[in-house]
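Down below is the structure, laid out as structure tokens.
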Protein chains: 2
Amino acid sequence: MSGRKFRERVRTEITEEILGVARRHLATEGANLSLRAVARDAGLVPSALYRYFDSREALLTALITEAYEALAGSVDAAVAAVPHARPDERWLAVCHAVRTWALAHPAEYGLIYGSPLPDYAAPRQTVAPAARILLTVTGILIDGAADGHRSPVPARPLPPAVREDLNRLTAYWPTRLPDLPMPLESVLATALTLWTQLFGLVGFETFGRLDDMIEARRDYFDHQAWVMADLAGLTSPPTDA
Amino acid sequence: MSGRKFRERVRTEITEEILGVARRHLATEGANLSLRAVARDAGLVPSALYRYFDSREALLTALITEAYEALAGSVDAAVAAVPHARPDERWLAVCHAVRTWALAHPAEYGLIYGSPLPDYAAPRQTVAPAARILLTVTGILIDGAADGHRSPVPARPLPPAVREDLNRLTAYWPTRLPDLPMPLESVLATALTLWTQLFGLVGFETFGRLDDMIEARRDYFDHQAWVMADLAGLTSPPTDA
DNA sequence: GCCTGGACGAGAACAGTGTTCTCACACGAG
DNA sequence: CTCGTGTGAGAACACTGTTCTCGTCCAGGC
């Protein structure tokens, strides 16, 4: 009985070791992960690696799942450090967490938010963590709206089909909602705008699309993040009041 | 003399043929382009391909350059079809052109706006076409501002370092500018916001990040594009007037 | 205590990859 | 007519992911 447990423990240890080597390779070599090279560095012969992962794709899937969870975890931690009463600061905490993580792990970021891998269909495992950040942003908007901040997004009505999609999505909302001065779909639509802008911004920077263009990366990022906070009505009403 | 010209013509024809095969492979197989497979389909032996391209990377570079130009060209054509007097419609034309091209050429889009290729530094050739769309958007905003539309972006001042970066960029502006009720850097900052949002949006859709979430893709895209038009002050002042 | 079954690693093999080298040939310029 | 250059073919090398077979080792059941 302890034998079986011991075997299992060794197995997960080796699996962890392989993943560690793979992560290191990803960081140094970039996206082209060589199974054989990973095996070498893990002290294994290539075929032995197949005892732990069905294929290179399976190894990548594990890395992708890890990446999603690491990113979402770091976002959640950052948000948790800011009180609910400051939705603008919470939004900025999300932005900075995503940016910092992406810049620290560019290859992993590319794996989860870059071009999809060839012949690779994202397993169901990954949709939940991918949506977590969107949920977090939505939560911030809800808190902000409940606290009487300005209604997000100037009255641009949602197309009916989109309203339907978003309504379907609101079913995933885990907890009870406070009373809101607007339909939840509208909040979700704004969250999607912020979400898109955030990952567009981070993607541009980590993928080098800002090279030779913006030097003051951090200031630029902050500015754009605050502009989006304004758009979402998270900031105190601007200077016109 | 005609001999030399003839040889040159044949050479560019074969180069074109290779690129065509490569483009077709990219469309059907996805991002993992096999040099040998391309050579096969072009009726060549692998080594012969090296008479035309120094390496697989060089072939990819050619494809990337083509893709940038094709995208920028289709954007320019779309914008040219809308009169200057309708900046909102011009912005939407840009959006639709990018989205349509991306959905029609997902692999090529991934090549130019997805995760950067390993060991691949974008050659200088590609920065000009990459910035063309940003210039186009800036032009639309300038026209809109000159025509007396609402000032884009509620007064959120630019950080000095960013202002400096953007000021440096305005040197690239090719033609003379009309008188503007605001500094050009502010317009450029707004253009960057739109640019980021646009490619974030298109990237999310073409890379499948909207799967199982938004069904009404086109309506969703239009909505977000209009929201950004509102943000940029391209639309007539919203319902609060 | 022995036997057995299953997990594990090693090694060889296969098909495929990008790249380089050498060799043969064609053909226009002199 | 010869020479040189541009071109394609073919073999080779070092890789890659994957599969198969073969020993080995060791816990669990008898």
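Here is how names work: the chains are called A, B, and so on, in the same order as the sequence lines, proteins then strands, and each is numbered from 1. All values below were derived from every heavy atom in this structure, side-chain atoms included, with hydrogens, water molecules and symmetry-related copies excluded.
- Rounded to whole Å, the distance from CZ on A/Arg36 to C1' on D/dT19 is 11 Å.
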Would B/Glu66 and B/Arg23 count as a salt bridge (charged side-chain N to carboxylate O under 4.0 Å, His left out) here? Give the steps. CA-CA 10 Å; B/Glu66 274 191 354; B/Arg23 231 176 294 130; 2.8 Å; yes

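- The 5' end of DNA chain D is approached more closely, in terms of each residue's nearest nucleotide, by A/Ser34 than by the other of A/Ser47 and A/Ser34.
- Rounded to whole Å, atom P of D/dG28 lies 12 Å from atom CD of A/Glu8.
- The residue A/Phe53 sits apart from the nucleic acid: no heavy atom pair falls under 4.0 Å.
- Closest to the B/Leu35 side chain, of the nucleotides C/dT19, D/dG8, C/dA10, is C/dT19.
- The side chain of B/Val45 lies closest to D/dG10 when the candidates are D/dG10, C/dT19, C/dG9.
- D/dC15 atom P lies 17 Å from atom CG of A/Leu33, rounded to whole Å.
- Taking side-chain N and O atoms only, B/Arg40 has a distance below 4.0 Å to OP1 or OP2 of C/dT17.
- Between the P atom of C/dT19 and the CZ atom of B/Arg56 lies a distance of 8 Å, rounded to the nearest Å.
- Look at CG on A/Asp54: it is 15 Å from C1' on C/dC8, rounded to the nearest Å.
- Other residues, nucleotides and ligands contribute at most 12 non-hydrogen atoms within 6.0 Å of the CD atom of A/Glu164.
- Side-chain contact between A/Ile214 and A/Asp219 is absent, with no heavy atoms from C-beta onward closer than 4.5 Å.
- Between A/Tyr52 and C/dA7 there is no side-chain N or O to OP1 or OP2 distance below 4.0 Å.
- Each of B/Gly43 and A/Tyr50 was matched to the nucleotide of DNA chain D holding its nearest heavy atom; the match closer to the 5' end belongs to B/Gly43.
- Put simply, the side chain of A/Asp165 gets close to the backbone of B/Glu215: a donor and an acceptor are under 3.5 Å apart.
- The residue among B/Arg51 and A/Arg11 whose nearest nucleotide of DNA chain C lies closer to the 5′ end is A/Arg11.
- Distance, B/Glu29 CD to C/dT17 C1': 14 Å, rounded to whole Å.
- A/Ile14 comes within contact range of the sugar-phosphate backbone alone, with a heavy-atom separation under 4.0 Å but no base atom that close.
- For CD of B/Glu185, the number of neighbouring non-hydrogen atoms (other residues, nucleotides, ligands) closer than 6.0 Å is greater than 12.
- If you take CG of B/Leu117 and P of C/dG18, they are 14 Å apart, rounded to a whole angstrom.
- The CG atom of A/Leu49 sits 10 Å away from the P atom of D/dG17 (whole-angstrom rounding).
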